Amino acid sequence: MYYRILFVQLFSVIICSQDLGDADVPTFWNQISKRNTNSEEHSDAMKDKIQLKVYYETLCPASIQFFVEQLTPAVKRLGTHLDVHLIPYGHATTTRNDDRYLFRCQHGAQECYCNKIHACAVDVLRNNTHAILFNDCLMQQAPCSSDYKHFRSAIRSCGRTENVHIYDIWQCMNGTRSSDLLKAYGDETHVVKPTYVPYVELDGSSEDQDSILGNLFATVCQKLTPKPPVCLD
Ligand SMILES: *[C@@H]1O[C@H](CO)[C@@H](O)[C@H](O)[C@H]1NC(C)=O
Ligand SMILES: *[C@@H]1O[C@H](CO)[C@@H](O)[C@H](O)[C@H]1NC(C)=O
């Protein structure tokens, strides 16, 4: 009984699920990595870039953990071998009220605000790697649950260390741009309907969720042909 409670608690911390009832849950903590049955017949084909779509939300502990511990290190090591599309929306909803979009996020209004900051970074920087480094800095320095003053000062500090013009981010946040971006991410997310986040598509496929979430770097390396030197270390 005790273990069961512990498991349920652990479970709800690890993934932010919309419905824990009969969700299609990842079993990445079992560390069972499925064999890629196609690997042999495609082994001669060149594959030097992998596309990732990362569905996440900025206040979900599992999303933060994946971002900081898996995504950012993989992006730093693999460089141009990764093409990452961030989709910071998660289990939010969008409604339209006259000419404005209203969002409701799983972890409250603060999460919507931080999702917009991430979206604006992607939009303003026009370089996904750069945006990931900036967003990673923010997640590490000021969790979205921080008070506003602390959060603003982290934005300034990450702007300096990651060489981002913060004014552009504020302008995006200030106007309707950030809402338009979040609306579009919502549309993308609602097509896929992930039951939990983080949820990652690799080259358009949602297979191998367990190994992607468990070890992104190794999973990507496994799919690259020929293996770049960083994968052979
Ligand atoms: C994108 O940003 C990264 C990290 O700041 C940088 O190393 C890379 O050169 C940039 N790419 C382009 C095409 O500017
Ligand atoms: C944000 O909007 C306010 C009021 O509309 C304006 O005074 C301010 O200059 C704007 N800030 C930026 C960075 O665009």
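As the structure lists them, so they are numbered: ligands from 1, and atoms in each ligand from 1. It should be emphasised that the depicted structure is a prediction, and the values quoted were computed from it without experimental measurement.
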side-chain contact (heavy atoms from CB on, under 4.5 Å) against Leu224, all qualifying residues, sequence neighbours excluded = Ile50, Leu78, His81, Val220, Pro228, Cys231
Below 6.0 angstrom between ring centroids: does that apply to Tyr56 and Phe66?
-> no
Report the residues that fulfil salt bridge (charged side-chain N to carboxylate O under 4.0 Å, His left out) with Arg126, sequence neighbours left out, ordered by chain and then residue number.
-> Asp123
May I ask you to decide whether Asp203 forms a salt bridge with Lys223, counting only side-chain N to carboxylate O separations under 4.0 Å?
-> no
Heavy atom of protein closer than 4.0 angstrom to atom 9 (O) of ligand 1 = no
Indicate whether atom 14 (O) of ligand 1 is within a distance of less than 4.0 angstrom of some protein heavy atom.
-> yes
Nearest neighbour of atom 2 (O) of ligand 1 from the list Asn127, Thr129, Thr80, Leu133, on a heavy-atom basis = Asn127
